[in-house]
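Every chain is numbered from 1 and lettered A, B, ... according to where its sequence line falls, protein lines coming before strand lines.
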Number of protein chains: 2
Amino acid sequence: MIELKEVSRVYDLDATPVHALRGIDLKVMSGEYIAIMGTSGSGKSTLMHILGCLDRPSSGKYSLNGEQVQNYSQDELAAIRNKTIGFVFQQFNLLPRMTALDNVMLPLIYARGSVRASKEEQLPRAQNALRLVGLGDRMNHRPNQLSGGQQQRVSIARALVNNPKILLADEPTGALDSQTSKEIMTLLEELFTQGITVILVTHDNDIASYARRVVRLKDGVIISDSLNNR
Amino acid sequence: MIELKEVSRVYDLDATPVHALRGIDLKVMSGEYIAIMGTSGSGKSTLMHILGCLDRPSSGKYSLNGEQVQNYSQDELAAIRNKTIGFVFQQFNLLPRMTALDNVMLPLIYARGSVRASKEEQLPRAQNALRLVGLGDRMNHRPNQLSGGQQQRVSIARALVNNPKILLADEPTGALDSQTSKEIMTLLEELFTQGITVILVTHDNDIASYARRVVRLKDGVIISDSLNNR
Ligand SMILES: Nc1ncnc2c1ncn2[C@@H]1O[C@H](COP(=O)(O)OP(=O)(O)OP(=O)(O)O)[C@@H](O)[C@H]1O
Ligand SMILES: Nc1ncnc2c1ncn2[C@@H]1O[C@H](COP(=O)(O)OP(=O)(O)OP(=O)(O)O)[C@@H](O)[C@H]1O
Ligand SMILES: [Mg+2]
Ligand SMILES: [Mg+2]
């Protein structure tokens, strides 16, 4: 359902281009659970942004559920994202002037078509998502009134609220203590059991061990891709 | 050299006040190496901001090198910070429109008195700090042209550039893979050997094991404070 073929991404920065991804081949079946690992700067977030239709490759092909999306317009990509993909950003990307609840409501408000929840359904859905990540008592706090790990969890709740078929999570437990991390990983395991495709970036081996397959990046290249011996 | 007595911090948020810290007693001698741990939302960053003179307690006393700073003005606190303290923020707090190098130059430009480096010294110092954290080839990138772990390392370089006597690091390896984490922890170990007081927040037991003493927070209270059996 996800296939990257010879995908490269070059950032053109003044004189020195940065080859963030080089000739990536990656196939992901529906319902898989994959951990992406690699050193700082190896290209993990760049890969996640392309997978999440937030960025286009410089070259190569991206086939998502049968559609060749590498040349889609911004609007076409936005439609796919809203309908199919939940994205947890490495740096959360919360809107600073809105409360946790408002931030989680946004994807519900923007949804179109069959994914869209009715007006009466939207608020309870957002509230439930926040309770699921342990923030039932923080709904009216704005991001700067939340701890780092609480902001991260708002970002996770927001990614789940449209019931996406693909969850892309860039270091979803980076700011969490081990107890709270376990709660989040139990939630992701539950989603995986329901058939959702889960792709997460982590630098933590304990977190990676929850996945069924591990892909390792180094300098923009996949250096290994194998099943997790759990 | 650092002494908190009965320090509390309450955030007044509409109806429900949040008691982020409650009656904290903490003594830190010059040259100690301490890890602060605890669950998400337990008060670690709040404690670090008070220690770093970025915030005042709601009640209680803070004695820093013999001065009672809990009632100092913003300017007086800023002067202490610039002269004595290096702070690595949990969310980096880099200025988005400046390059990595400009960000690291800022504390050098703002330094006053004996800490201040001469104009010719400032640029090489900033460049060295960036090389120390492995970013010699990323000096002219702006934050959104850097990976998460690279931004974190710019924040670390910036905290070190005025040769502070106290380094406060709020999850300094949260966005780093294990290899890069080791490099940063080796750097912190080196600073500790030079006599700098190091206080770091981490939720990672491997990182905490580098410290000589571990303080654990839960719901704004210190629940344990003991030497690390290394
Ligand atoms: N400005 C604020 N207004 C209201 N509540 C706040 C504010 N800042 C923090 N809080 C609350 O205070 C508590 C402690 O926050 P703090 O950032 O110190 O936690 P932490 O231990 O650093 O957590 P984490 O590990 O997630 O970073 C949290 O429950 C948070 O919601
Ligand atoms: N907009 C940009 N312009 C130039 N270079 C960029 C840009 N964005 C990222 N880079 C560079 O591309 C490389 C890959 O970045 P990416 O964010 O994908 O790394 P990462 O594997 O997610 O790292 P981390 O583990 O630190 O988050 C890095 O070396 C980074 O400096
Ligand atoms: Mg990244
Ligand atoms: Mg914190």
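Top candidate by heavy-atom pairs under 4.5 Å with chain A, chosen from B:Ala20, B:Gly148, B:Gly134, is B:Gly148.
Remark: B:Leu191 engages B:Leu160, B:Leu167, B:Leu188, B:Gln194, B:Ile196 in a side-chain contact (heavy atoms from CB on, under 4.5 Å) (not counting sequence neighbours).
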Less than 3.5 Å apart and able to act as donor and acceptor by atom type: which atom pairs between chain A and chain B qualify?
unit_1	atom_1	unit_2	atom_2	d
A:Ser40	N	B:Asp177	OD1	2.6
A:Ser40	OG	B:Arg153	NH2	2.8
A:Arg153	NH2	B:Ser40	OG	2.8
A:Gly174	O	B:His203	NE2	3.4
A:Leu176	O	B:His203	ND1	3.4
A:Leu176	O	B:His203	NE2	3.2
A:Asp177	OD1	B:Ser40	N	2.6
A:His203	ND1	B:Leu176	O	3.4
A:His203	NE2	B:Gly174	O	3.4
A:His203	NE2	B:Leu176	O	3.2

